Peer 1: 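What follows is a single structure, and I will ask about it in a moment.
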Number of protein chains: 2
Amino acid sequence: MIIVINMSKKPLTARKNCDCRATRRGARREAVLDVLTSGPGHLSAEEIYRAARKRVPKIGIATVYRALRCLCSCGKAAEFIPADGVARYEPAGSRAHHDHLICTSCGSFLEAVDPEIERLQGRLAARHGFRISSHKLEIYGLCAGCAGTGAARGALRRRARIVE
Amino acid sequence: MIIVINMSKKPLTARKNCDCRATRRGARREAVLDVLTSGPGHLSAEEIYRAARKRVPKIGIATVYRALRCLCSCGKAAEFIPADGVARYEPAGSRAHHDHLICTSCGSFLEAVDPEIERLQGRLAARHGFRISSHKLEIYGLCAGCAGTGAARGALRRRARIVE
DNA sequence: GACATATTGATAACGATTATCATTATCACA
DNA sequence: TGTGATAATGATAATCGTTATCAATATGTC
């Protein structure tokens, strides 16, 4: 009997001592990591693909997905999935855990963390005999820029379609 | 000029005085709501579809999705999307807001709420000039039942595939 | 150089969800 | 009680982000 780990789902634990085989056609994976660390952050795979093609024009979208999975599994990148279900990626490892404030008007992502909230989550879990491995806190609303200036109309327009 | 709200995305605000047209072929939507309120909760659309067919055998999956969207938009149901990206639904309206503790071993969902965490989220957002409209807190880990008893192996097995 | 093997790009496949469309049931009204 | 208007339905095609497949290619080892 052979047990094959189903790699279609990302492994939960990070690989140890993985360099994403940087010396073996590594330009691709280094390019993806480079896009992550030099870009604005919170990019989707598609956006990363477009940026990476400027560095490695022949790179394929499949390779980008493979690189992202590899980078995530060895802790160099982190994935998170907001309410629209499209995965977004950010550099990790050297960066601390944080939560996200997501603007429903302009789509911007703010990073924030409140140590007290983190601590209370542990307390909440303990109250239910639950052993935390990770958590995800996403706050949706209007960012400072959009909250004042006709943001509601902007948000509405984004959800409406003009016919004639 | 006619403005058509794009119904392909669920409206953010609940419809007012919507009875989901209960008197107009309402058996379908009532059946879906009935599955939601009588079932174990946190069901996927597919699971709701299978349960609803026991009540209305000829119901189609598209109608289930339509009913869920309608029920969500008028506040009778609530949708949330965990890390696997598959939407899950629960009855709403009479139920208070809560967060989810999701067991990565057995897949069970616990509901919990900590007023202090809720309050601190407001403070965190205010610190960034952010106006909250909603939030999503999901805590992943092992539930009380799985935390002790060989849960790690169970979780691994769920992610593995037996070949021969 | 020759072979084994990891990586790649193109593309097919996948799965959850949504759109389309002809059909059917219900409503308002005569 | 017809009758037309219209909303709801089921079957199914389409969509879209993501993953699997597979032949081709680049790299490492001997």
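Numbered from 1 within each chain, the chains take letters A, B, ... in sequence-line order. Bear in mind the structure is a predicted one, so any value in this text is a computation, not a measurement.
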Peer 1: Whole angstroms only, please: what is the CD1-P distance between A:I81 and C:dG15?
Peer 2: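 Answer to the nearest Å: 17 Å.
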Peer 1: With a 4.0 Å cutoff (strictly under), does any side-chain N or O of B:R88 reach OP1 or OP2 of C:dT17?
Peer 2: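 No, because none of the side-chain N or O atoms of B:R88 sits under 4.0 Å from OP1 or OP2 of C:dT17.
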Peer 1: Go through C:dT8, D:dA20, D:dG10 for me and flag the one nearest to the A:A62 side chain.
Peer 2: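 Looking only at heavy atoms from C-beta outward on A:A62, the closest nucleotide is D:dA20.
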Peer 1: Of all the choices, D:dT18, C:dT17, D:dG10, which nucleotide is nearest to the side chain of B:R28 once you look at every atom?
Peer 2: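 Of all the options, the side chain of B:R28 is nearest to D:dG10.
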Peer 1: Answer yes or no for A:R69 and A:Y65: cation-pi contact, defined as NZ/CZ to six-membered ring centre under 6.0 Å and angle to ring axis within 45°.
Peer 2: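 Negative - A:R69 is either too far from the ring of A:Y65 or too far off its axis.
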Peer 1: Could you state the NZ-P distance from B:K58 to D:dT9, rounded to the nearest angstrom?
Peer 2: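 Roughly 13 Å, once rounded to whole Å.
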Peer 1: What is the distance, to the nearest angstrom, from the CD atom on A:E30 to the P atom on C:dT8?
Peer 2: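 Checked: the CD to P distance equals 11 Å.
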Peer 1: At what distance, to the nearest 0.5 angstrom, does CZ of B:R131 lie from CD1 of A:I139?
Peer 2: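 Going from CZ on B:R131 over to CD1 on A:I139, the span is 15.0 Å.
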Peer 1: I want to check one thing: is the phosphate of D:dT18, taken as OP1 and OP2, less than 4.0 Å away from some side-chain N or O of A:Y65?
Peer 2: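 Indeed, a polar side-chain atom of A:Y65 lies that close.
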Peer 1: Give a yes/no answer on whether the side chain of B:R66 brings an N or O atom under 4.0 Å of OP1 or OP2 in C:dA19.
Peer 2: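 Checking B:R66 against C:dA19: no side-chain N or O falls below 4.0 Å of OP1 or OP2.
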Peer 1: From OH of B:Y89 over to P of C:dA16, roughly how many Å is that when rounded to an integer?
Peer 2: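 One finds 12 Å between P of C:dA16 and OH of B:Y89, rounded.
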Peer 1: May I ask you to evaluate whether B:R29 reaches the phosphate of D:dT9, defined as a side-chain N or O under 4.0 Å from OP1 or OP2?
Peer 2: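 So the side-chain polar atoms of B:R29 do come within 4.0 Å of the phosphate oxygens OP1 or OP2 of D:dT9, strictly under.
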Peer 1: Assess whether side-chain contact (heavy atoms from CB on, under 4.5 Å) is satisfied between A:E111 and A:H100, documenting all intermediate values.
Peer 2: CA-CA 5 Å; A:E111 300 176 358; A:H100 290 109; 4.1 Å; yes
Peer 1: In this structure, how many angstroms lie between the P atom of D:dA11 and the CZ atom of B:R53, rounded?
Peer 2: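 So the two atoms are 9 Å apart, to the nearest Å.
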Peer 1: What I want to find out is whether B:R119 reaches B:E116 closely enough, with some N-O distance under 4.0 Å, to be called a salt bridge.
Peer 2: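 So B:R119 pairs with B:E116 through a salt bridge.
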Peer 1: Report the distance from atom CD of A:E46 to atom C1' of D:dT18, rounded to the nearest whole Å.
Peer 2: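 Roughly 12 Å, once rounded to whole Å.
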Peer 1: In the structure I gave you, are the side-chain heavy atoms of B:E90 and B:H98 within less than 4.5 Å of one another anywhere?
Peer 2: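 Touching, per the 4.5 Å side-chain cut-off.
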Peer 1: What is the distance, rounded to the nearest whole Å, between atom OH of A:Y49 and atom P of D:dC16?
Peer 2: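 It is 16 Å, rounded to the nearest whole Å.
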Peer 1: Return the value, rounded to whole Å, for the distance between atom CZ of B:R69 and atom P of C:dT17.
Peer 2: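 Spelled out: CZ on B:R69 to P on C:dT17 is 11 Å.
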